[in-house]
Amino acid sequence: MKEKIILIKNAHIVNEGAVFCGDILIEGEFIKEISSSISAKSSDVHVVDAEGKYVLPGVIDDQVHFREPGLTHKATIETESRAAVAGGITSFIEMPNTIPQATTIEKLEDKFEIAAKTSYANYSFMFGGTNDNLEEILKVDANKVAGLKLFLGSSTGNMLVDDPIVLEKIFASTNLLISVHCEDETTIKANLETYIAKYGEDIPIKCHPEIRSEEACYLSSSKAIKLAEKTGARLHVFHLSTGKETKLFSNKTPLKDKKITAEVCIHHLWFSDEDYDTKGTLIKWNPAVKSKKDRDQLWEALLDDRIDVIASDHAPHTLEEKRNVYTKAPSGGPLVQHALSAMLEMCHKEKISIEKVVEKMCHNPAILFQIEKRGFIKEGYYADLVLVDYNNPYTVKKDNVLYKCGWSPFEGTTFKSRITHTFVNGNLVFENSKFHNFKSAKRLTFNR
């Protein structure tokens with residue numbers, strides 16, 4: 001079968017800190033050529049005119065919860081990867097706290113099988129650590145799996161690793177990249193008891209950042225970092241939410257050589273505790289959205305490279321679940337469809353450059369996880385590409401939300417930029433709000 005050839009013409013290509021005008025030739029799954037001008041050599045070439053548009057590498061989201069298996073009333077790998085592709089995310093790394101949890105090789109491979117059949121975006125999964133599965137952790141092949149996920153504060157699911165002896169053993173024994181959710185469980189439990197004594201179950205949502213407090217985050221993050229320094233483990237701290245934590249990280253070393261790295265999520269860069277009055281439990285996340293000062297300090301650390309990656313922590317729940325009283329409303333919300341749009345909006349507001357957005361959402365996840373041939377616009381790399389119409393506004397509404405849960409914390413928000421085309425492995429999967437009826441996703445591979 002002849003490989004299909006696609007030629008993207010007249011694009012503003014954003015790659016490795018520069019924006020330049022040029023053409024991109026795609027043959028089969030790969031980028032064949034990048035040049036200031038490429039001519040279509042035959043009538044078989046499908047030409048996409050990108051006049052006036054940016055072309056970015058496909059976003060790699062290093063932290064999503066797609067809820068399959070076991071929680072498919074909220075989401076599936078198919079529904080959420082479809083929403084991700086519409087939002088310019090071409091690869092994702094999904095978390096282990098599904099039902100059953102991905103804490104054995106067998107259960108992990110079950111998830112890979114589902115994704116192979118149903119995913120619109122390239123995929124990998126984290127293996128889940130528990131207090132009693134060290135033997136399984138040691139069997140995981142680092143070249144086939146994104147990494148190890150440890151919950152050092154309980155969140156969705158029951159995967160809390162709270163035995164300090166086990167934790168040190170895991171850190172000392174594995175060569176997997178260890179990603180951690182850091183909140184101190186003892187602190188949170190004590191805070192929650194205090195607020196339940198005062199309010200009962202229906203605690204005002206604005207108390208969430210006081211219950212899941214700065215101290216709970218900092219205690220846990222600082223302990224994990226000390227343990228990584230002691231054992232030499234490769235540590236990646238997920239979803240920083242406080243200014244205090246940013247001081248734990250350094251920008252003195254190039255990312256490829258860093259042993260301790262950090263991520264920030266869209267919601268901690270966009271919302272603050274002032275939004276609880278209008279958004280309520282729809283912006284209830286763990287860790288909590290905190291103060292404007294925290295948000296400002298997260299931005300500062302992101303821009304000076306103490307924070308390495310921007311992710312979504314996409315974690316959908318049904319509206320019915322979210323509308324429960326505080327103690328019963330689950331934490332998390334859907335974000336993959338609007339994550340890139342939200343960051344491009346920050347470009348319009350001159351908070352960040354488009355080159356820096358690409359660095360933090362495309363290049364750096366590829367470097368950090370050592371993903372093969374993705375995250376950059378380079379000859380010989382997979383053609384995971386996103387076309388952005390920078391000045392074509394749209395408003396997020398119920399009827400254009402693609403998540404299975406059917407809602408977004410951004411409803412009512414108008415974004416100035418619109419994702420018009422998404423290519424996955426050289427295939428045009430999403431074009432002008434419509435999906436082409438084929439899936440071309442692949443399992444991510446790692447060069448470790």
Side-chain angles (χ1 to χ4, degrees), residues 59-66 89 91-98 101-105 107-112 115 121-130 133-153 155 157 159 161 166-182 220-221 224-225 227-228 231-240 249 255-265 307-315 360-372 374-375 442-448:
V59 171
I60 301 170
D61 194 338
D62 81 346
Q63 189 190 179
V64 302
H65 302 262
F66 283 174
I89 293 168
S91 300
F92 64 83
I93 297 170
E94 208 261 355
M95 298 300 110
N97 52 331
T98 42
Q101 296 160 347
T103 53
T104 68
I105 305 285
K107 296 291 183 275
L108 183 72
E109 285 303 326
D110 287 347
K111 292 176 77 166
F112 276 110
N122 304 309
Y123 52 89
S124 192
F125 296 90
M126 288 279 183
F127 187 80
T130 69
N133 77 336
L134 181 58
E135 277 186 32
E136 282 287 300
I137 290 169
L138 297 179
K139 291 181 201 166
V140 176
D141 183 342
N143 287 311
K144 292 184 177 173
V145 175
L148 177 68
K149 170 71 182 285
L150 301 178
F151 288 91
L152 307 187
S155 194
M159 290 185 62
V161 182
V166 169
L167 198 58
E168 184 159 342
K169 257 192 197 159
I170 292 171
F171 270 63
S173 307
T174 183
N175 61 352
L176 293 167
L177 182 147
I178 302 170
S179 294
V180 285
H181 174 128
C182 286
S220 186
S221 298
I225 288 166
L227 195 52
T231 58
R234 173 69 185 84
L235 179 70
H236 183 49
V237 181
F238 274 157
H239 46 44
L240 293 194
F249 298 89
L255 176 57
K256 68 180 176 60
D257 301 321
K258 277 190 185 185
K259 290 281 278 185
I260 296 167
T261 52
E263 169 205 280
V264 67
C265 291
I307 295 176
D308 305 287
V309 166
I310 300 169
S312 73
D313 193 13
H314 174 89
K360 301 293 183 180
M361 297 183 84
C362 312
H363 301 339
N364 284 4
I367 295 166
L368 195 151
F369 286 91
Q370 297 168 285
I371 299 168
E372 281 189 316
R374 300 192 192 277
K442 295 174 102 63
R443 180 170 175 161
L444 296 178
T445 53
F446 305 91
N447 186 18
R448 293 171 175 160

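Here the structure is a predicted model, which means the values were calculated and not measured. Throughout, numbering of the chain's residues begins at 1 and tracks the sequence.
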Inset, instruction - Please name the pair of heavy atoms, one in Ile178 and one in Val180, separated by the smallest distance, quoted to 0.1 Å. - result: CG2-CG1, 3.9 Å
Inset, instruction - With rounding to the nearest 0.5 Å, note down the distance linking CZ in Phe249 to NZ in Lys258. - result: 9.0 Å
Inset, instruction - Kindly compute the distance separating NZ (Lys360) from CD1 (Ile307), expressed to the nearest 0.5 Å. - result: 8.0 Å
Legend entry - Full working for side chain to side chain contact (heavy atoms under 4.5 Å, CB included) between Phe171 and Leu235: CA-CA 9 Å; Phe171 270 63; Leu235 179 70; 3.9 Å; yes
Inset, instruction - Quick one: closest heavy-atom pair of Gly375 and His363, and the distance? - result: O-ND1, 2.7 Å
Legend entry - Derivation of the side chain to side chain contact (heavy atoms under 4.5 Å, CB included) call for Thr445 and Asn143: CA-CA 7 Å; Thr445 53; Asn143 287 311; over 6 Å; no
Inset, instruction - Drop me the distance from Asp141's CG to Arg448's CZ, to the nearest 0.5 angstrom. - result: 9.5 Å
Inset, instruction - Test side chain to side chain contact (heavy atoms under 4.5 Å, CB included) on Ser124 and Phe92 and set out the steps. - result: CA-CA 6 Å; Ser124 192; Phe92 64 83; over 6 Å; no
Legend entry - Nearest non-hydrogen partners of Cys362 and Ile60, listed with the distance: O-CD1, 3.7 Å
Legend entry - Aromatic contact, Phe446 with Phe369 (centres under 6.0 Å): no
Inset, instruction - Rounded to the nearest 0.5 Å, what's the gap from CZ on Phe112 to NZ on Lys107? Could you check? - result: 15.5 Å
Inset, instruction - Measure the shortest side-chain to side-chain distance between Ile93 and Met95 over non-hydrogen atoms and say whether it is less than 4.5 angstrom. - result: yes
Legend entry - Spacing of OG belonging to Ser179 relative to CG belonging to Leu148, to within rounding of 0.5 Å: 8.0 Å
Legend entry - Ile137 vs Ser173 side-chain heavy atoms within contact, under 4.5 Å: no
Inset, instruction - Quick one: do Leu152 and Leu167 satisfy side chain to side chain contact (heavy atoms under 4.5 Å, CB included)? Show the steps, please. - result: CA-CA 9 Å; Leu152 307 187; Leu167 198 58; 3.7 Å; yes
Legend entry - Pair Lys139 + Glu109: basic N to acidic O under 4.0 Å: no
Legend entry - Those residues that, when tested against Lys149, pass side chain to side chain donor-acceptor pair (under 3.5 Å) (two or more places apart): none
Inset, instruction - Taking all non-hydrogen atoms of both residues into account, name the closest pair between Val161 and Gly129 and its distance. - result: CG2-O, 3.4 Å
Inset, instruction - State yes or no: are the ring centers of Tyr123 and Phe66 separated by less than 6.0 Å? - result: no
Inset, instruction - Apply the side chain to side chain contact (heavy atoms under 4.5 Å, CB included) test between Val145 and each candidate in Leu108, Leu177, Ile105; give the one that qualifies. - result: Leu108
Inset, instruction - Ignoring hydrogens and angles, tell me if any N or O in the side chain of Glu94 forms a donor-acceptor pair with the backbone of Phe125 under 3.5 Å. - result: no
Legend entry - Donor-acceptor side-chain pairing of Thr174 and Arg234 below 3.5 angstrom: no
Legend entry - Closest non-hydrogen atom pair between Met126 and Ala102, with its separation: O-CB, 4.3 Å
Inset, instruction - Would you check if there is a donor-acceptor pair between the side chains of Thr261 and His236 at a distance under 3.5 Å? - result: yes
Legend entry - Where Ile310 and Met361 come nearest, the two heavy atoms and their spacing: CB-CG, 3.8 Å
Legend entry - Backbone N/O of Pro365 and side chain of Asp62: donor-acceptor pair under 3.5 Å: no
Legend entry - From CG (Leu134) to CD (Glu136), nearest 0.5 Å: 10.5 Å
Inset, instruction - Give a yes-or-no answer on whether the side chains of Thr103 and Asn133 include a donor-acceptor pair shorter than 3.5 Å. - result: no
Inset, instruction - Answer yes if the ring centres of His181 and Phe151 are under 6.0 angstrom apart, and no otherwise. - result: yes
Legend entry - Donor-acceptor under 3.5 Å (Lys256 side chain, Ile367 main chain): no
Legend entry - Asn122 (side chain) donor-acceptor with Arg443 (main chain) under 3.5 angstrom: no
Inset, instruction - Among Asp313, Leu240, Val309, find the residue that satisfies the side chain to side chain contact (heavy atoms under 4.5 Å, CB included) test when tested with Cys265. - result: Asp313
Inset, instruction - Check salt bridge (Lys or Arg N to Asp or Glu O under 4.0 Å) between Glu372 and all other residues, then give those that pass, not counting sequence neighbours. - result: none
